[in-house]
Amino acid sequence: MDKKTVYAVSVESPTSGAVDWYAHPDEADLEFDKAVSNFGHLPNHTITLYPLDVPYGLARLEITELVDDAMWELNYVATRVHKSHSTAQQG
């Protein structure tokens with residue numbers, strides 16, 4: 001089965017997580033930077049950018065499910081990571 005690569009940006013804390021994906025790496029890089037700006041100051045948050053190969057022809061929701069599964073199962077190779085520490089200032 002043919003595959004394509006999507007680029008995911010996840011934001012995880014000790015109690016929750018969220019992920020979005022993008023078709024182009026440049027867009028994902030910009031969204032990673034935005035996530036770091038928005039969430040990077042919060043304690044114990046990890047922001048991760050990772051590519052994921054998915055089958056061609058999937059609906060957006062199906063791709064989202066695969067990207068989400070990869071985030072929770074740590075089934076990816078990160079290309080960028082930002083980790084805040086427990087001493088980060090909440091703003």
Side-chain angles (χ1 to χ4, degrees):
M1 176 177 269
D2 288 336
K3 294 190 178 246
K4 66 178 182 178
T5 302
V6 297
Y7 303 88
V9 176
S10 66
V11 178
E12 297 174 78
S13 74
T15 59
S16 66
V19 64
D20 289 312
W21 61 269
Y22 306 90
H24 302 285
D26 292 343
E27 185 180 10
D29 272 325
L30 290 173
E31 293 301 323
F32 176 89
D33 292 338
K34 287 181 191 176
V36 169
S37 177
N38 291 334
F39 304 104
H41 66 284
L42 298 174
N44 298 315
H45 276 62
T46 301
I47 299 136
T48 308
L49 170 62
Y50 58 93
L52 190 69
D53 291 334
V54 299
Y56 271 109
L58 293 181
R60 289 190 61 82
L61 182 58
E62 292 172 308
I63 294 172
T64 300
E65 289 172 356
L66 290 175
V67 169
D68 189 63
D69 288 346
M71 177 186 68
W72 289 114
E73 296 169 7
L74 301 176
N75 189 21
Y76 58 80
V77 176
T79 55
R80 295 179 70 187
V81 177
H82 173 88
K83 290 186 177 195
S84 62
H85 302 286
S86 61
T87 57
Q89 296 291 320
Q90 288 186 330

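Numbers here simply count residues along the sequence, with the first being 1. Only heavy atoms go into these numbers, but all of them, side chains included; no hydrogens, no water, no symmetry mates. Nothing here was measured: the structure is a model prediction, and the numbers come from that model.
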NE2-OG distance between H45 and S10, expressed to the nearest 0.5 angstrom: 11.0 Å
Heavy-atom closest contact (G40 atom, S84 atom, distance): O-CB, 3.2 Å
Hydrophobic cluster identity match, Y22 and L61, side-chain contacts under 4.5 Å: no
I63 vs K4, side-chain contact (heavy atoms from CB on, under 4.5 Å): CA-CA, chis, key distance, verdict: CA-CA 11 Å; I63 294 172; K4 66 178 182 178; 3.9 Å; yes
Heavy-atom side-chain contact between R80 and D29 under 4.5 Å: yes
Same apolar cluster (I L V M F W Y, side chains within < 4.5 Å links), L49/L74: no
Reported CD-to-CH2 distance for the pair E12 and W72, which is rounded to 0.5 angstrom: 6.0 Å
Separation of L52 CG from K3 NZ (nearest 0.5 Å): 8.0 Å
Y7-M71 co-clustered via ILVMFWY side chain contacts under 4.5 Å: no
Path from Y50 to V9 over hydrophobic side-chain contacts below 4.5 Å: no
Gap between atom CG of N38 and atom CG of D33 - 0.5 Å precision: 11.0 Å
Euclidean distance, I47 CD1 relative to K83 NZ, rounded to 0.5 Å: 11.5 Å
Verify same cluster id: F32, V19 (apolar side-chain graph, 4.5 Å): no
E65 CD to D68 CG distance, which is reported to the nearest 0.5 Å: 8.5 Å
Heavy-atom side-chain contact between Y76 and T48 under 4.5 Å: yes
Note, L66 side chain near P55 side chain (heavy atom, < 4.5 Å): yes
